[in-house]
Amino acid sequence: MGRAFVYVILGGGVAAGYAALEFARRGVSAGELCIISEESVAPYERPALSKGFLLPEAPARLPAFHTCVGSNEERLTPKWYTEQGIELVLGTRVKSADVKRKTLTTAAGETISYKILIIATGARALKLGEFGVRESDAENICYLRNFADATKLVSIIQTCNGGNAVVIGGGYIGMECAAALVTNRIKVTMVFPEAHCMARLFTPKIADFYETYYESKGVHFIKGTVLSSFENDSDGKVTEVVLRDGTRIPTNMVVVGIGIRPNTGLFEGQLAIEKGGIKVNGRMQTSNSSVFAVGDVASFPVKLFGSDIRRLEHVDSARKTASHAVSAIIAPETISDFDYLPFFYSRVFTLSWQFYGDSVGEVIHYGDFVAGRCGAYWIDKGRIVGAFLEGGDRDDYAAIAEAVKLKMVVKEKGEVEELGVEFASRA
Ligand code: FDA
Ligand code: NAD
């Protein structure tokens, strides 16, 4: 015996929170909807974990950053779910799914059935062991994906004040955690295999701007290499990181951010998979019509890119795919296929950037790379397809977003370089 619901959201992260809000707005009845999450807390704005949550003073703490405050929407506390009659099944891992029978089985052995399932399982952090480094369960090695990881990271940071940290990985987690560690008076060495930080998005020129800024804050970069092992003390704590060339870096703690893998495992062999995610159509519907997928785990057609299938790992797409899926489920006649402008951002120290679109084609940089209002356009087939800006204001970001949305035609590349954001303002 088990429980039965009309709608089940599997996963309790960002997408789940935004889906719940949309369900409530569209009028779900008490007892119809349940959210199952391995985490022990109600859906929250995950980006806070590498930013406000790590601040030494007045850190962000739950319940302040439950979804959907990140979009200036209602804050959905556990009480809100109770009031709506939405069942929150927390601390519960689903260990198998059967889309033909429309059932999920939890690790404790309970069967939960649904009429419509929304998969919002997000992703897991890759582990060093998956890159051939001997796994270490030392307590001062931190990954950062969920609330439990962030809570552990904060407690390790508190023991390392004035000490040293090695950050492995030069992506989003590496950059944001390095900034947070510095703010906590910890000296940081960053190690990553690429020639510059944020290699998935930044051009060498943009990366140079950030690396110079980080160096001014005392961060040391070791690029083009990876670690090979850890040296532990008798308590099992890591004391040194050993690089491939034998260099030893003494440290009090390690933060690892080496990418993610979407949590598709429960559905492999049952649903179509593409680009590492669960393939959906413009209604977020998978190859099984009773199952939808949203957020980091979903690969969806991006109209702007000729309906190319993409899997994005960013909060804005998690929020919007979730709302769209619920609209498609409850009121299909009111919506058309998802039309999304990819949007990424980050905030570190006093810096802050936004990116819209696709980073393909020829790059034209603009602005002041010393003072910091600077950026780049990506131009493909004579049109703007991507735009990046550091240090803009609300109007600037709206302008570059619009330029990408309209795929502005570029006649004179020199003009784009000279006008910078002002070029987009003509959109
Ligand atoms: P999300 O990971 O949020 O939620 C998935 C949920 O499913 C989790 O609660 C998990 O426990 C649960 N789950 C998985 N498998 C399960 C199972 N078998 N049974 C039960 N539950 C299961 N993006 C951005 O644009 N700007 C930013 O500044 C940041 N900052 C940022 C910081 C940090 C620390 C991280 C880790 C990530 C970001 N991101 C970001 C990325 C952003 O947070 C991410 O894209 C969204 O959280 C994706 O939302 P989802 O709901 O898809 O997954
Ligand atoms: P990432 O893909 O951004 O970066 C991974 C980094 O790992 C690479 O840049 C590379 O430097 C490094 N790397 C890869 N293999 C390595 C190895 N063997 N040894 C050392 N370094 C290695 O992933 P992430 O930084 O781990 O972020 C995880 C997820 O969280 C991503 O989905 C990201 O989008 C999300 N996130 C987003 C934001 C944001 O949008 N502001 C902030 C934090 C996290």
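First listed ligand is number 1; within each ligand, the first listed atom is number 1.
Checked by atom type, the side-chain pair T350/Y213 shows a donor-acceptor distance below 3.5 Å. Residues K279 and T286 bring no donor and acceptor atom of their side chains to less than 3.5 Å of each other. Side-chain contact annotation: S352 with E390, donor-acceptor N/O pair under 3.5 Å absent.
Atom numbering of ligand 1 starts at 1 in the shown order; those under 4.0 Å from a heavy atom of A318 are 48 (C), 49 (O). Counting the atoms of ligand 1 from 1 in the order shown, those under 4.0 Å from a heavy atom of E39 are 8 (C), 9 (O), 11 (O). Counting the atoms of ligand 1 from 1 in the order shown, those under 4.0 Å from a heavy atom of G11 are 6 (C), 7 (O), 12 (C). Each of the following atoms of ligand 1 lies closer than 4.0 Å to a heavy atom of G12: 6 (C), 7 (O), 9 (O), 12 (C). Taking every heavy atom of A120 and a limit of under 4.0 angstrom, the matching atoms of ligand 1 come to 5 (C), 6 (C), 7 (O). Numbered from 1 in the order shown, with element, the atoms of ligand 1 that lie under 4.0 Å from a heavy atom of L266 read 18 (N). Counting atoms of ligand 1 from 1 in the listed order, those under 4.0 Å from a heavy atom of L10 are 19 (N), 20 (C).
Protein heavy atom at the shortest distance from atom 38 (C) of ligand 1 is P47 CA, 4.3 Å. Closest to atom 48 (C) of ligand 1 among all protein heavy atoms lies D296 OD1, 3.2 Å. Protein heavy atom nearest atom 25 (O) of ligand 1, with residue, atom name and distance: V315 N, 3.0 Å. Ranking the protein heavy atoms by distance from atom 12 (C) of ligand 2 puts G169 CA, 3.7 Å first.
Using a 4.0 Å cut-off between charged side-chain N and carboxylate O, E45 and R319 make a salt bridge. Ion pair R347/E176 not flagged as a salt bridge, since none of the NZ, NE, NH1 or NH2 atoms sits closer than 4.0 Å to an Asp/Glu carboxylate oxygen.
With sequence neighbours left out, F369 forms a ring-ring contact (aromatic ring centres under 6.0 Å, His included) with H365.
Residue E313 holds the heavy atom nearest to atom 32 (O) of ligand 2 of all those in R244, M175, E313. Comparing heavy-atom distances from atom 23 (O) of ligand 2 across G122, P262, P193, G259 singles out G259 as nearest.
Heavy atoms from both the backbone and the side chain of Y345 come within less than 4.0 Å of ligand 1. With a 4.0 Å cut-off on non-hydrogen atoms, K51 touches ligand 1 through its side chain and not its backbone. The side chain of N263, and not its backbone, has at least one atom closer than 4.0 Å to an atom of ligand 1 (non-hydrogen atoms only; side chain from C-beta on).
For the pair K127 and Y143, the cation-pi test (distance below 6.0 Å, angle within 45°) is passed.
Taking distance alone, with nitrogen or oxygen atoms compared against 3.5 Å, V94 approaches ligand 1 more closely than that limit.
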